[in-house]
Each structure stands twice: as structure tokens, then as C-alpha cells.
Amino acid sequence: MVRSPAIVDGRPSGSKAVRTISLFGATGSIGRSTADVILQHRDSFAVEVVTAQSRVEELAELAAQLGARLAVIGDPAAYESLRDRLAGTGIAVAAGPAAIVEAASRPVDLVMAAIVGAAGLEPTLAAIDAGADIALANKECLVCAGALFNRRAAAARVRILPVDSEHNAIFQSLDAANVAAVERITVTASGGPFRTFSLDEMRRVTPAQALKHPRWSMGPKISIDSATMMNKGLELIEAHHLFGIESERLDVLVHPQSVVHGFVTYADGSMVAQLGAADMRIPISHCLGWPNRVATATPRLDLAELGTLTFEKPDLHRFPALSLARQALEIGDWATNILNAANEVAVEAFLAGRIEFLDIAATVEAVLEQAGKTVGGTEFNAVDTVLALDAEGRRMAAEMIEFRGRRAG
Ligand code: NAD
Ligand code: MG
């Protein structure tokens with residue numbers, strides 16, 4: 001049955017005067033938008049931890065601005081630089097992946113999970129175990145760990161509040177009292193920069209073209225995922241886990257204006273949607289303030305000026321990543337884990353100029369097929385299994401890319 005994040009047994013909905021927050025992936029696109037919302041509401045939030053992987057100068061600046069108690073940099077070599085920059089501020093510093101996970105165990109009301117990729121899994125699980133509600137931007141950690149992620153959240157009785165704009169729209173459209181009457185859930189997609197490109201045109205696109213999203217300003221990995229539409233595939237898997245709805249009742253609808261972010265169709269024929277400007281500060285604010293509303297200075301939509309909204313079916317032939325993700329979802333957690341790992345490696349290779357755009361989905365498809373014969377059916381009973389499978393998916397993808405490169409060269 002469909003679930004709503006608004007229902008968690010036995011826990012009151014937290015709406016304290018001052019909420020304590022930790023911000024993982026603070027220097028990224030979501031991290032910065034989150035900092036922006038917090039800075040506009042300084043009296044409502046107290047920041048405990050900020051983290052980043054390598055941008056030490058930006059991290060130090062954010063830590064000072066937000067008045068964080070601890071700043072953690074993923075790259076151990078950057079420890080001294082961070083320490084020197086924050087000397088005399090009273091902000092504690094740490095470095096390394098283990099320090100990021102440890103920082104996630106600090107007790108807070110809410111953790112913004114905005115690290116990119118499966119790298120966010122361990123810190124997010126540590127935050128769950130420590131009892132924090134999670135504002136989840138980091139969809140890959142859910143795609144990678146599948147049902148195990150939900151089991152951990154249920155055991156700790158924490159809420160997972162969806163930051164991803166489509167899922168946030170669905171959360172806002174879900175009537176918690178009537179989840180049994182949900183017929184279908186639809187995520188919309190802008191279609192990305194290559195919505196109208198032929199396959200032949202897509203063959204020649206450069207990373208710079210693929211990074212230029214028509215509607216949203218985002219980090220590099222999700223921008224490429226939007227161009228291949230793998231992002232929408234990951235979002236189908238994300239919706240399945242967040243709302244407990246099966247693949248057959250999950251739809252993707254291309255909507256180039258990105259005004260309607262997602263909707264729920266009920267048994268009486270009602271379709272309930274959320275609309276808003278394409279600005280991530282809106283869903284971020286919804287998660288930070290929930291169940292209350294937080295005022296934002298984001299642009300308001302002028303529907304009369306917009307005039308027309310259009311919708312079309314996704315073209316699975318030109319965007320095979322979407323079908324691959326749906327297939328993986330229907331196969332099970334091991335397959336979505338492999339899909340995610342292979343995609344992360346392929347996206348990196350494309351950005352580094354080592355493979356072509358269409359090779360991203362081709363690599364994922366080939367890895368999924370090969371993995372089916374070797375690790376297919378692997379069940380996740382512990383995080384170690386999840387991480388081992390993720391490593392295996394990365395290894396297979398790297399090997400395949402290397403092989404293709406040698407054949408081409
Ligand atoms: P980004 O690349 O702009 O930022 C990523 C952040 O993660 C940075 O702070 C970086 O330092 C940190 N990071 C990177 N690798 C790390 C590692 N190995 N260990 C620890 N930290 C690491 O990415 P983004 O666009 O902000 O996206 C973050 C997440 O939110 C992604 O999962 C993305 O899919 C999701 N998301 C983003 C948007 C958006 O508009 N940007 C929208 C919906 C969902
Ligand atoms: Mg999205």
C-alpha cells in the first residue's frame with residue numbers, strides 16, 4: 001500500500017522553535033541552496049555539522065556564515081588548510097570519510113543528505129541510526145541500498161522527507177488519510193537539454209552541452225543524468241521506495257516548462273499536483289520547515305504570463321536509460337544497485353571525455369547484463385553487502401569502458 005512520510009507510528013511531528021540541522025554536501029548545489037534558506041531564517045535553525053569533499057575554502061566560509069559547530073572535509077589532505085582557515089572561530093574541524101560518518105551520528109533534529117552518489121549512503125544511514133529525520137536529496141543512496149534503507153529508517157522511526165522536486169511535489173499532494181485511494185503517481189521530467197535531439201545528434205554532444213540544463217541549475221552528475229534521462233529512471237526507483245508504490249502504477253510525463261513537478265491520481269479521478277518555479281529552495285524549505293511552511297524569497301510563478309503548459313510521453317527509444325532503470329526496479333535491489341554504480345562510473349568517464357554520450361546508457365546496459373550472470377539475485381542483509389555489490393558494479397563498468405576505449409583506440 002502507498003505510504004506517506006507524514007505518517008510515522010508513535011512520533012509527533014517535530015515543529016520545535018529552533019531546529020538543529022546538519023548539512024552533508026554543503027558546498028554543492030543543494031547544499032548552497034539549503035544554506036541560503038537557513039540564512040534567511042537564522043532564528044529558526046541551529047547548524048551542527050557542515051561537510052564537503054574537497055572545496056575547503058568554500059566549506060570554511062559556509063561553516064563560519066552558518067555558525068556551525070563542526071566542519072568536516074572528506075579529503076584528508078585538506079585537514080590542515082581547513083583547520084587554519086577556521087582557527088579562532090571555535091568551530092571544530094575533522095577530515096576523512098570516517099569523520100564524515102562519525103559527524104552524521106551527532107544528535108540533531110534533521111539531516112540534509114545532499115552528498116552526490118552512493119558516497120552518501122554511509123553518512124545517511126549513520127544519521128538515521130542516530131534518530132535524525134532525513135531531508136533526502138541524495139537519491140542514489142536509496143537506489144543503491146533499496147529496501148535496506150527503508151528498514152533502517154523504520155527501525156529508527158525517523159522520517160524521510162523528499163527534497164527531490166518531483167517527490168516533494170508528490171509528498172505535498174499525498175493526502176495522508178487517503179493513501180489507500182491512490183491509483184497512480186506521476187513524476188514529471190523536463191526532458192533535459194536533448195529532448196528534441198535525434199539519436200544521431202546525441203551521438204556527438206559534448207560534456208559542456210550536456211551540462212547546460214534548460215530549466216534547473218544543478219551539480220554536474222545530476223545534470224548529465226538529466227540529459228540521458230537516467231535521472232528520471234533513478235527517480236522512479238526513488239518514488240517506489242519513498243512511497244511504497246509498485247512500478248506499474250508509476251508514470252513519467254515529459255513537461256518541458258517544469259512547472260508541475262509531480263501529481264497523484266486518486267480513485268475518484270482527482271489529480272492533485274504541486275506547482276512552483278524551478279527553484280530547489282522551494283522543496284528544500286518544505287522539508288526544513290515541515291510540517292510548517294517556511295517563507296522563501298523564491299520567484300513566484302506567473303501562470304498567465306506562462307500561458308501554456310505542455311506534456312508529452314517520454315521517448316524510450318532515444319532515452320534508453322529510462323527503460324533500463326525501470327527494468328532494474330522490476331528486477332530488484334541488486335539490479336538498481338548495479339545500475340547506479342555503473343551509471344556513476346559512466347557519467348564520470350563521459351565528463352572526463354573518455355566515452356561518448358550514448359555510451360553512458362550502453363555501458364549501464366552491458367554491466368547490468370553481465371552482473372545478472374554473476375551477482376544477480378544478491379540479497380542485502382547488511383550494508384557491507386550493498387557496498388560490496390556497488391564496488392563490483394563500478395569495477396565491471398570501469399573494465400568495460402577500458403575495453404571499449406582500447407577497441408576504439
Ligand atoms: P553537487 O555535485 O553540486 O554537490 C555534491 C556535494 O557532495 C558537494 O558538497 C561535494 O563536496 C560532496 N561530495 C561529493 N563527493 C563526495 C564524497 N565522496 N564524500 C563526501 N562528500 C562528497 O551535487 P548536487 O547537484 O547538489 O546534488 C546532490 C544530491 O542531490 C545528488 O544526489 C542529486 O541527485 C540530488 N538532487 C540534486 C538536485 C539539484 O537541483 N542539484 C535536485 C534533486 C536532487
Ligand atoms: Mg528531480
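Order of listing sets the numbers, starting from 1, for every ligand and every atom in it. Starting from 1, each residue takes its place in the sequence as its number.
If you look at I222 next to ligand 1, the close heavy atoms, those under 4.0 Å, all belong to the side chain. In S29, the parts holding a heavy atom less than 4.0 Å from any atom of ligand 1 are both the side chain and the backbone. When heavy-atom distances to ligand 1 are checked against a 4.0 Å cut-off, M280 comes that close only through its side chain, counted from C-beta outward.
Heavy-atom proximity to N138, at under 4.0 Å, picks out these atoms of ligand 1: 32 (O). Close approach of ligand 1 to A137 (heavy-atom distance below 4.0 Å) involves ligand atoms 30 (O), 32 (O), 35 (C), 36 (N), 44 (C). Contact atoms of ligand 1 toward A119: 17 (C), 18 (N) (distance under 4.0 Å to a heavy atom of the residue). Residue-ligand proximity, A52 to ligand 1, at heavy-atom distances under 4.0 Å covers atoms 11 (O).
Closest approach between the Mg ion (ligand 2) and any N/O/S atom of E235 involves OE2. When distances from the Mg ion (ligand 2) to the N, O or S atoms of D164 are compared, OD1 comes out shortest. Looking at E166 and the Mg ion (ligand 2) together, the shortest N, O or S contact belongs to OE1.
Atom CG of D251 and atom OG1 of T186 lie 4.5 Å apart (nearest 0.5 Å).
Ring geometry, H41 versus F45: the interplanar angle exceeds 60°, so the pair is classed perpendicular (tilted spans 30 to 60°). Classified by interplanar angle (parallel below 30°, tilted 30° to 60°, perpendicular above 60°), the ring pair F350/F357 is perpendicular.
Backbone and side-chain nitrogen or oxygen atoms of G28 are examined, and one is located within less than 3.5 angstrom of a nitrogen or oxygen of ligand 1. Looking at ligand 1, you'll find an N or O of E140 within less than 3.5 Å of one of its N or O atoms. When only interatomic distances are considered, the shortest N/O to N/O separation between S54 and ligand 1 does not fall below 3.5 Å. Ligand 1 has no nitrogen or oxygen under 3.5 angstrom from a nitrogen or oxygen of G31. Checked against a 3.5 angstrom limit, the closest N/O atoms of G25 and ligand 1 fall inside it.
Panel note: side chain H167, backbone E238; no donor-acceptor pair is recorded below 3.5 Å.
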Verdict with reasoning, F380 to W334, per ring-ring contact (aromatic ring centres under 6.0 Å, His included): CA-CA 8 Å; F380 298 155; W334 74 263; 9.4 Å; no
Checking R394 against D390 for the salt bridge (charged side-chain N to carboxylate O under 4.0 Å, His left out) test, could you report, in this order, the C-alpha distance in whole Å, the side-chain angles of both residues, the deciding distance, and whether it holds? CA-CA 6 Å; R394 284 168 199 274; D390 175 72; 2.8 Å; yes
Evaluate the side chain to side chain contact (heavy atoms under 4.5 Å, CB included) criterion for residues D43 and V18: first the C-alpha distance (whole Å), next the side-chain angles of each, then the deciding distance (0.1 Å), finally the verdict. CA-CA 7 Å; D43 298 342; V18 176; over 6 Å; no
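Checking I30, I284, I73, L62 against atom 27 (O) of ligand 1, the nearest heavy atom belongs to I30. When T27, L23, L59, N168 are ranked by how near their heavy atoms come to atom 8 (C) of ligand 1, first place goes to T27. With distances taken over non-hydrogen atoms, the option nearest atom 5 (C) of ligand 1 out of V116, V163, D164 is V116. Relative to atom 6 (C) of ligand 1, the option among P220, S226, A114 with the closest non-hydrogen atom is A114. When the heavy atoms of Q53, E238, R32 are ranked by distance to atom 16 (C) of ligand 1, first place goes to Q53.
The side-chain hydrogen bond (donor to acceptor under 3.5 Å, both in side chains) test with S247 is passed by exactly one of R326, Q327, H240: R326.
Judged purely by distance below 3.5 Å, without hydrogens or angles, the side chains of S190 and H213 pair a donor atom with an acceptor atom.
Taking a 6.0 Å sphere around CD of E379, one finds it holds 12 or fewer heavy atoms contributed by other residues, nucleotides or ligands. Shown here is E392, whose CD atom has more than 12 heavy atoms of other residues, nucleotides or ligands within 6.0 Å.
Residue contacts with ligand 1: K139 is included, with a non-hydrogen atom under 4.0 Å away. Taking a 4.0 Å cut-off on heavy atoms, A26 registers as neighbouring ligand 1.
Checked for salt-bridge contact, K139 and D164 meet the test: a charged N lies under 4.0 Å from a carboxylate O. For R85 and E61, the salt-bridge test fails: no basic side-chain N is under 4.0 Å from an acidic carboxylate O.
Looking at V205 and F197, their side chains come closer than 4.5 Å, going by heavy atoms from C-beta outward.
Protein heavy atom in closest approach to atom 29 (C) of ligand 1: I115 O, 3.7 Å. Protein heavy atom in closest approach to atom 25 (O) of ligand 1: G219 N, 2.9 Å.
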